Protein chains: 2
Amino acid sequence: MKITIYDVAKKAGVSTATVSKIINNKGSISEKTRQKVLEVMEGLQYQPSMIASALKGKSTYTIGLLIPDLSNPIFAEYAKYIEERGQELGFSVIMCNTDANPEKEQNYISLLKQKQVDGIIVAARFKNITLLKKLIKEKFPLAIIAKDLPTLPIDSVTVDDYLGGYQVTEYLLSLGHRKIGLIAEGDRSSEERIKGYRQALLDTGIQPVEDLIMICDKPTREFAKHYAEILLDKEKGISAIFGCNDLLAIGAMQAARERGLEIPDDLSVIGFDNTDLSTIVIPSLTTVQQPLRDIGHHVVDLLTEQINGTSRTTHRVVLLPELVIRQTTKQVENKTIE
Amino acid sequence: MKITIYDVAKKAGVSTATVSKIINNKGSISEKTRQKVLEVMEGLQYQPSMIASALKGKSTYTIGLLIPDLSNPIFAEYAKYIEERGQELGFSVIMCNTDANPEKEQNYISLLKQKQVDGIIVAARFKNITLLKKLIKEKFPLAIIAKDLPTLPIDSVTVDDYLGGYQVTEYLLSLGHRKIGLIAEGDRSSEERIKGYRQALLDTGIQPVEDLIMICDKPTREFAKHYAEILLDKEKGISAIFGCNDLLAIGAMQAARERGLEIPDDLSVIGFDNTDLSTIVIPSLTTVQQPLRDIGHHVVDLLTEQINGTSRTTHRVVLLPELVIRQTTKQVENKTIE
DNA sequence: TTGAAAGCGCTAACAA
DNA sequence: TTGTTAGCGCTTTCAA
């Protein structure tokens, strides 16, 4: 038989109200009864039921996390750090893998509400914007990662992809590269990274060449290889390729190697995301690190502030990526650097 | 204001009991009232509170998942498929990242019980065996993955590592390899894989050479490279290396390449796990695939059977791994195969 | 400082 | 077929 607050109260010779106060550190209790009750709780191995307390209107100390695909390492890391921070703050997280499917999103959200979660975190690639709007209207605690919806008043944490793209390009330029190919995936993050790439070129007085920008239909290594070959075929030889994620960059490396180019001697390559892949590959990949842990911790903080009513204003947190220089980048040879 | 079963009952002109019966498809209700009530529920956008129904002793339709490290792709996949199957069966999953820390395990379990989860799934590397024993004694629904504790009566799903190791070795032998180095990590799975390796050798009439078995202190690529170098240094040249996971195998590949050996011409390499890494690397890695999805689905099934009281006997499910042949393995040259 | 009692939203016996 | 009602385990007001 599960033991309840009544058992504790009876055994300690006090009322349930007293026990409840002690559990929640409320009201004023004499040190003597407090000790007594604590002892009894210990002895009985009493665990208050969060269900009952939730029914009384208190928090469930549970949040929902909607993620498109856990098998994507980036998302898995988000999940990890969100859980980590949640745990620190006393919140459990219910994982929901949506496959970026609007219907699943719908179902999950409605389920989470039935379970009375205190708030919801949504990771990138969320499709069902209507749903988000509804939650906002209801003032349901909500925070999102990595997809800033400029038109919606939501707490969000984003990494500055624009800056990331800029940094990559700036670095390559500083190494003397002038023709820099780019291979991207067709999503919002990539767009920003491309903008940063363009801006860096412009800031150095170089007109971006559209032919050097390749958008993959799908972010696979095969596509990357394919487009890298096209880039490498162009008349005016490029000396560097920026892959908008590590996998794409690795595809480019492989394409280069297959036609006998040495990396980084004949071609510099930079990736994005600093996944495990970047250290597996040889030579190890220069790439951009997203502050995954910070991102995860930050969203949770934003969300719990809403839950606790600590915060009334909406925050858009933008975190900065960081260039991780490894072995696939090198000063350009046979060129005078101005 | 949250709308409750009372609101529905009032608006539909029936009692809450009737509404409850309709929600749960119990008792007998005239088609007319059913329709009426359903309509009202729809109109009111009524969502029953699972909290309240849980307090009445019903299920929470929530299970806990304890995993050591979500940033390990294998575990992330477990999590993904467990969530997937849970979702299909109507269960949410609360993610708990334990870092294989017995205290965290303890805290999570106690928390999960407070939240009245219906059951708990524990993934490999669980430390706190005492805790498990306690849960079993309480008949708390429990199932584990990938770590069979021969002494405990727990539903478990395991992949047959022994067979995996056997298959790898058998395949290498069939290609004519006779001296096969092995690089392993120091865990239980590896032990089994090593046993399989030994057995396959013995079955072919070859006495396993202890010097060819290397156990890494930590499962990093660096250690793997280090031990691969030692293996490659041995007087009697080996012609193949079996890395007990993909990362180790890749370390071996790199060590080989650094001393000018061609893969697979001069050395065959096989990994284990069929992670993304195995297709990134060039040549792509021959490896062993674990049926991750099956594993995930199976544990959930075992657990929910316990929860529903459908099953009273304990199951140990053993799933079979599968050799995925790619480009790092090759028939041995300059040798007559018997 | 303590306790009595109402009620959170739902379910399930039991009665009608 | 439908409704009345007593809880599930807890919190909280209010009175003592």
Side-chain angles (χ1 to χ4, degrees), chain A residues 1-41 44-62 90 110-118, chain B residues 1-41 44-62 90 110-118:
Chain A
M1 214 11 247
K2 177 121 179 56
I3 76 148
T4 74
I5 201 172
Y6 285 101
D7 304 314
V8 176
K10 196 191 295 175
K11 183 142 182 203
V14 298
S15 74
T16 59
T18 305
V19 178
S20 174
K21 280 175 202 153
I22 290 168
I23 294 169
N24 299 293
N25 279 311
K26 284 201 173 169
S28 43
I29 301 289
S30 76
E31 199 43 37
K32 214 171 106 190
T33 32
R34 159 173 268 106
Q35 284 312 325
K36 175 69 184 162
V37 170
L38 252 22
E39 248 168 52
V40 173
M41 294 200 322
L44 253 32
Q45 299 246 53
Y46 168 67
Q47 306 266 77
S49 152
M50 304 200 75
I51 296 286
S53 100
L55 184 56
K56 277 301 292 183
K58 303 198 85 177
S59 282
T60 51
Y61 292 100
T62 305
S110 122
L111 185 65
L112 290 171
K113 287 170 87 176
Q114 280 189 46
K115 294 205 171 166
Q116 235 169 95
V117 297
D118 297 331
Chain B
M1 211 13 243
K2 177 121 177 55
I3 75 148
T4 75
I5 200 171
Y6 286 102
D7 304 315
V8 176
K10 195 192 295 175
K11 183 143 183 203
V14 297
S15 75
T16 61
T18 304
V19 178
S20 173
K21 279 174 203 154
I22 290 168
I23 294 168
N24 301 290
N25 277 311
K26 283 200 174 170
S28 41
I29 300 289
S30 75
E31 199 44 37
K32 213 171 106 192
T33 31
R34 158 173 269 106
Q35 285 311 327
K36 173 70 184 160
V37 170
L38 253 22
E39 249 168 50
V40 173
M41 296 201 321
L44 254 33
Q45 296 248 51
Y46 168 67
Q47 307 265 79
S49 152
M50 304 201 75
I51 296 286
S53 102
L55 183 57
K56 275 301 290 184
K58 303 199 86 179
S59 282
T60 52
Y61 293 99
T62 305
S110 124
L111 184 66
L112 290 171
K113 286 170 85 174
Q114 279 189 47
K115 294 206 170 166
Q116 233 169 102
V117 297
D118 298 330

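Treat the numbers as computed from the prediction; the structure is a model and nothing was measured. Below, chains carry the letters A, B, ... as their sequence lines are ordered, and counting in each starts from 1.
Rounded to a whole Å, the NZ atom of Lys115(A) is 16 Å from the C1' atom of dC10(C). The interatomic distance linking Leu44(A) (CG) with dG9(D) (P) rounds to 14 Å, in whole Å. Straight-line distance from the CD1 atom of Ile29(A) to the P atom of dT2(C): 5 Å, rounded to whole Å. To the nearest angstrom, C1' of dT2(C) lies 19 Å from NZ of Lys10(A). Here dA12(C) presents its C1' atom at 16 Å from CG of Asn25(B), a figure rounded to the nearest Å. If you measure from atom CD1 of Ile51(B) to atom P of dT11(C), you get 13 Å, rounded to the nearest angstrom.
In this view, Lys113(A) and Glu138(A) satisfy the salt bridge (Lys or Arg N to Asp or Glu O under 4.0 Å) rule, not counting sequence neighbours. With sequence neighbours left out, the side chain to side chain donor-acceptor pair (under 3.5 Å) criterion links Gln114(A) to no other residue. By the side-chain contact (heavy atoms from CB on, under 4.5 Å) test, Asp7(B) is found to be paired with Ile3(B), Thr4(B), Leu44(B), residues two or more places apart in sequence or in another chain being considered. In this structure, the side-chain contact (heavy atoms from CB on, under 4.5 Å) partners of Lys58(A), at least two apart in sequence or on a different chain, are Asn24(A), Ser53(A). For Thr62(B), the side chain to side chain donor-acceptor pair (under 3.5 Å) test picks out Lys115(A), with sequence neighbours left out.
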Nucleotides 10-16 of chain D: protein proximity per nucleotide (B base, S sugar-phosphate only, - neither; heavy atom, under 4.0 Å): BBB----
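For the residue pair Glu39(A) and Gln35(A), no side-chain donor N or O sits within less than 3.5 Å of a side-chain acceptor on the partner.
At a threshold of 4.0 angstrom between heavy atoms, the contacts of Leu55(A) include nucleobase atoms, whether or not backbone atoms are also involved.
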